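Since the model is a prediction, treat every value here as computed from it, not as a measurement. Numbers restart at 1 for each chain; the letters A, B, ... are given by sequence-line order, proteins then strands.
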Amino acid sequence: MSNVRVRFAPSPTGYLHVGGARTALFNWLFARKHKGTFILRIEDTDLERSSEEMVRGILEGLEWLGLDYDEGPFFQSDYVEKHRAAVRRMLENGHAYKCFCPKEERSDEEVKKIVAEAARWSKRLNPCRDLAPEEVAAREERGEPYVVRLRVPERGKTEFEDAVYGHMERDCREIEDLVLLRSDGHPLYNLSVVVDDIEMGITHVIRGQDHLSNTHKQILIYQALGQPVPQFAHLPLILAPNKAKLSKRKHGEVVSVTTYRDAGFVPDAFVNFLALLGWAPEGTDQEIFTREELIERFSLEGIHKSNAIFNFNESDPRNWTDPKALWMNAEYIRTMPMERLTPLVKAELQRSGLWRDEYETERKAWFEQAVSLIRERARTLTNFTTHGRPYFVDDFSYEFDEAAVKKNLRKEPALKELLPQLADAFASLTEFTRDRAEALLRGFAEEKGVKAGLLINATRTALTGQAVGPGLFDLVAAIGKDRTVARLKHAAQLV
RNA sequence: GGCGCGUUGGUGUAACUGGUUAACACGCCGCCCUCUCAAGGCGGAGAGCACGGGUUCGAGUCCCGUACGCGCUACCA
């Protein structure tokens with residue numbers, strides 16, 4: 001185990017956001033690659049917003065993605081005393097000061113701008129910055145409320161090497177004397193992250209680019225605390241198609257990873273997709289990577305600087321999420337090893353009540369045959385229920401698509417006679433195999449002077465209720481003799 | 001407003017330290033295969049690299065400016 005220690009530090013919002021998921025993934029990949037430690041820390045200092053339920057959504061998302069953490073979950077709220085202690089140290093060494101200025105009211109945007117402007121110069125203008133110790137003591141004595149602010153140096157600059165964005169520097173004059181501790185003693189974000197990251201020995205801070213400018217403030221806090229500054233790597237953001245920030249409120253369920261779980265995504269596929277959003281491996285066109293390959297190839301240098309768009313389409317149900325994610329999921333379902341796929345299919349069938357234990361015992365071979373037929377056309381795991389129902393039920397409780405019935409059954413009245421005859425012919429087959437079934441059907445068609453296609457399409461609809469699906473003879477073999485016969489006779493009534 | 005970051009086809013990305021008609025994947029269109037739908041194979045449309053200047057024999061690659069987007073500018077995180 002190397003000394004690399006990284007963390008994913010989401011706030012408990014009740015769900016894991018795709019952007020957060022990618023941040024978690026990159027931290028995880030980096031940790032695994034360097035045999036380091038991946039830590040989960042819940043940033044729950046905004047106490048009103050956090051509850052166990054809110055945390056659960058995050059944990060569920062990480063679990064589904066398979067991003068296991070080595071330490072945690074830690075809760076930032078458990079470290080409040082450490083945050084305060086850090087502030088006391090900064091107060092003692094003069095890197096922070098108590099500010100008695102009244103709290104600004106900033107309701108509308110206009111006021112906010114003015115205040116922002118003022119804030120930047122506040123350390124120069126702030127009357128509290130250089131208050132005499134006796135006065136501070138006296139006002140405190142009187143019970144005047146105060147916040148603790150960082151005493152940002154008047155000159156100089158902060159700088160760091162970002163693994164993604166390169167050399168970053170900022171003039172200290174551009175940095176306001178930020179508040180560390182609220183007047184109620186509540187620690188604020190920039191303080192908390194730094195103290196926690198120090199406490200947890202974080203070596204690499206890998207997080208969203210929205211923290212790029214905060215980093216300068218945080219560096220100042222590290223310095224005020226006399227602690228070494230970790231490495232930083234800022235990730236480009238994942239944006240909505242209109243380039244706006246992704247938000248659950250505005251964009252709905254597409255932003256939550258549990259949506260993908262529930263929609264039948266293969267975790268590896270979603271991880272693969274996420275990995276390629278803002279990152280590309282060096283020197284290859286390859287797009288499909290196992291986790292092991294991702295870990296091996298991952299490097300901070302391959303991270304893109306510009307934001308990526310998550311290309312979902314709210315008005316197109318077929319492309320409800322990024323088409324490439326959908327494609328990748330289908331690709332995984334189609335090509336992944338059967339032994340990896342079957343547990344996922346099992347879970348799906350259990351969910352929909354179609355599962356039978358014999359599928360992993362005496363009917364295992366048959367089951368895998370059916371799965372391999374269905375997987376060819378599946379986009380999501382839920383398709384094993386929708387497309388798969390005809391394979392897994394004995395009765396006629398699969399849905400008959402009206403258009404299919406019309407096109408493949410009702411269009412040719414002769415089928416009313418032909419289907420039962422075909423059924424009887426199938427019934428007489430002693431060896432009910434793919435090839436025998438095909439020979440029989442084609443011979444039957446010739447004998448009756450009809451095109452094989454007519455019977456093939458009719459049979460497909462009889463067996464599955466659909467107009468589309470696998471090659472008919474594979475299907476017939478998978479459905480088996482008895483159900484084929486019964487379904488053909490049943491379908492004759494629909495003609 | 002200030003400061004910072006970014007900008008290659010619809011989307012995700014590639015293009016060694018500047019050097020042939022800007023590559024790959026998804027999506028889209030067409031053809032082939034075929035009992036349907038997929039998958040697969042083949043082919044096509046789609047960017048001249050945000051825009052404008054400059055440096056250079058030569059720039060997506062370097063420099064400057066502009067525009068646009070995003071972030072920070074809270075006693076939010």
* **B:A25 pairs with, by Watson-Crick or G-U criteria that keep both distances under 3.5 Å** => B:U11
* Structure fact -> Between CE of A:M168 and P of B:G4 the distance, given in whole Å, is 10 Å
* Asked: What does B:G4 pair with, Watson-Crick or G-U, if both distances are under 3.5 Å?
  -> B:C70
* Asked: For atom C1', what is the distance between B:A23 and B:A47, given to the nearest Å?
  -> 12 Å
* Asked: Within the structure shown, what part of the strands sits under 4.0 Å from A:H211 by heavy-atom distance: base, sugar-phosphate, or nothing?
  -> base
* Structure fact -> The nucleotide from B:A77, B:C3, B:C5 with an atom nearest the side chain of A:N214 is B:A77
* At under 4.0 Å between heavy atoms, what does A:L237 touch on the DNA or RNA strands: base, sugar-phosphate, or nothing? -> sugar-phosphate
* **Considering all heavy atoms, the nearest A:I175-A:V152 contact** => O-CG1, 3.8 Å
* Asked: What does A:G471 touch in the nucleic acid at a heavy-atom separation under 4.0 angstrom: a base, only the sugar-phosphate, or nothing?
  -> base
* To do: Considering only atom P, compute the distance from B:A25 to B:G41 and round it to an integer number of Å.
  => 10 Å
* With a 4.0 Å cut-off on heavy atoms, is A:K451 in touch with a base, just the backbone sugar-phosphate, or nothing at all? -> nothing
* Asked: Can you tell me how far P in B:A45 sits from the matching atom in B:G30, rounded to whole Å?
  -> 15 Å
* **Protein-nucleotide distance (A:E438, atom CD; B:C35, atom C1'), rounded to Å** => 9 Å
* To do: Between B:A77, B:G40, B:C5, spot the one nearest the side chain of A:E331, thanks.
  => B:G40
* Asked: Quantified in whole Å, what is the P atom distance between nucleotide B:C68 and nucleotide B:C37?
  -> 49 Å
* Base, sugar-phosphate, or nothing: which does A:P236 touch, judged by heavy atoms less than 4.0 Å apart? -> nothing
* Structure fact -> Closest of B:G6, B:G2, B:A25 to the A:K305 side chain is B:G6
* Could you measure between the two P atoms, the one in B:A59 and the one in B:G18, and give it in whole Å? => 13 Å
* Side chain of A:L188 only, please: which of B:U73, B:C70, B:C76 is the nearest? => B:C76
* Under 4.0 angstrom, heavy atoms only, what part of the nucleic acid is A:A467 near: base, sugar-phosphate, or nothing? -> base
* **Gap in Å between the two C1' atoms, one belonging to B:U55 and one to B:G65, rounded** => 15 Å
* For atom CZ of A:R207 and atom C1' of B:C5, their distance in whole Å -> 15 Å
* Partner nucleotide of B:C75 by Watson-Crick or wobble geometry (both distances under 3.5 Å) -> none
* Check whether the side chains of A:R41 and A:S192 place a donor and an acceptor atom closer than 3.5 Å, and report yes or no. => no
* Looking at every strand, decide which applies to A:V147 at a 4.0 Å heavy-atom threshold: base, sugar-phosphate, or nothing. => base
* Asked: Quick one: which of B:C3, B:G40, B:C75 gets closest to the side chain of A:R334?
  -> B:G40
* Asked: Tell me: CG of A:L178 to P of B:U73, nearest whole Å?
  -> 9 Å
* To do: Give A:S306 one of three labels, base, sugar-phosphate or nothing, depending on what nucleic acid heavy atoms sit under 4.0 Å from its own.
  => sugar-phosphate
* Asked: Whole Å only: how far is the CD1 atom of A:I456 from the P atom of B:U34?
  -> 13 Å
* Asked: Nearest to the side chain of A:K245 - B:C24, B:G12, B:G71?
  -> B:G71
* Give a yes/no on whether any side-chain N or O of A:R318 is located under 4.0 angstrom from OP1 or OP2 of B:G27. => no
* Nearest-neighbour nucleotide for the A:V468 side chain, B:A77, B:G71, B:U36 considered -> B:U36
* Asked: Hey, is the side chain of A:R460 pairing donor to acceptor with the base of B:C35 inside 3.5 Å?
  -> yes
* **Pairing partner of B:C31 (Watson-Crick or G-U wobble, both distances under 3.5 Å)** => B:G41
* Asked: On a whole-Å scale, what distance lies between the P atoms belonging to B:A22 and B:C33?
  -> 34 Å
* **Nearest-0.5 Å distance, CG of residue A:D210 to CG of residue A:L235** => 10.0 Å
* Is there side-chain contact between A:P281 and A:L276, with heavy atoms separated by less than 4.5 Å? -> yes
* Structure fact -> A:Y189 has its side chain closest, among B:A77, B:C76, B:G27, to B:A77
* When the distance from CD1 of A:I175 to P of B:G2 is rounded to whole Å, what number comes out? -> 18 Å
* Can you list the steps and then say if A:E438 with A:R434 is a salt bridge (Lys or Arg N to Asp or Glu O under 4.0 Å)? -> CA-CA 6 Å; A:E438 174 157 16; A:R434 197 208 112 102; 3.2 Å; yes
* To do: May I ask you to evaluate whether A:H186 reaches the phosphate of B:A77, defined as a side-chain N or O under 4.0 Å from OP1 or OP2?
  => yes
* Structure fact -> Here the distance between atom C1' of B:U7 and atom CD1 of A:I309, to the nearest Å, is 11 Å
* Kindly assign one of parallel, tilted or perpendicular to the pair A:F265 and A:W320, based on the angle between their ring planes and the thresholds 30° and 60°. => perpendicular
* Asked: In whole angstroms, how far is the C1' atom of B:G2 from the CZ atom of A:R173?
  -> 13 Å
* Indicate, yes or no, whether a donor-acceptor pair under 3.5 Å links the base of B:C3 to the side chain of A:S213. => no
* How far, in whole Å, is B:C35 from B:U21 if one measures between their P atoms? -> 46 Å
* Any A:N27 side-chain heavy atom under 4.5 Å of A:T23 side chain -> yes
* Asked: In terms of the angle between their ring planes, are A:Y398 and A:F400 parallel, tilted or perpendicular, with boundaries placed at 30° and 60°?
  -> tilted
* **Proximal nucleotide (of B:G69, B:U73, B:C3) relative to the A:R170 side chain** => B:C3
* N/O donor-acceptor pair, side chain A:R377 with base B:C37, under 3.5 angstrom -> yes
* Crowded around A:R436 CZ? As in, over 12 foreign heavy atoms under 6.0 Å? -> no
* **Residue A:E376, side-chain atoms from C-beta onward, closest of B:G40, B:C70, B:A38** => B:A38
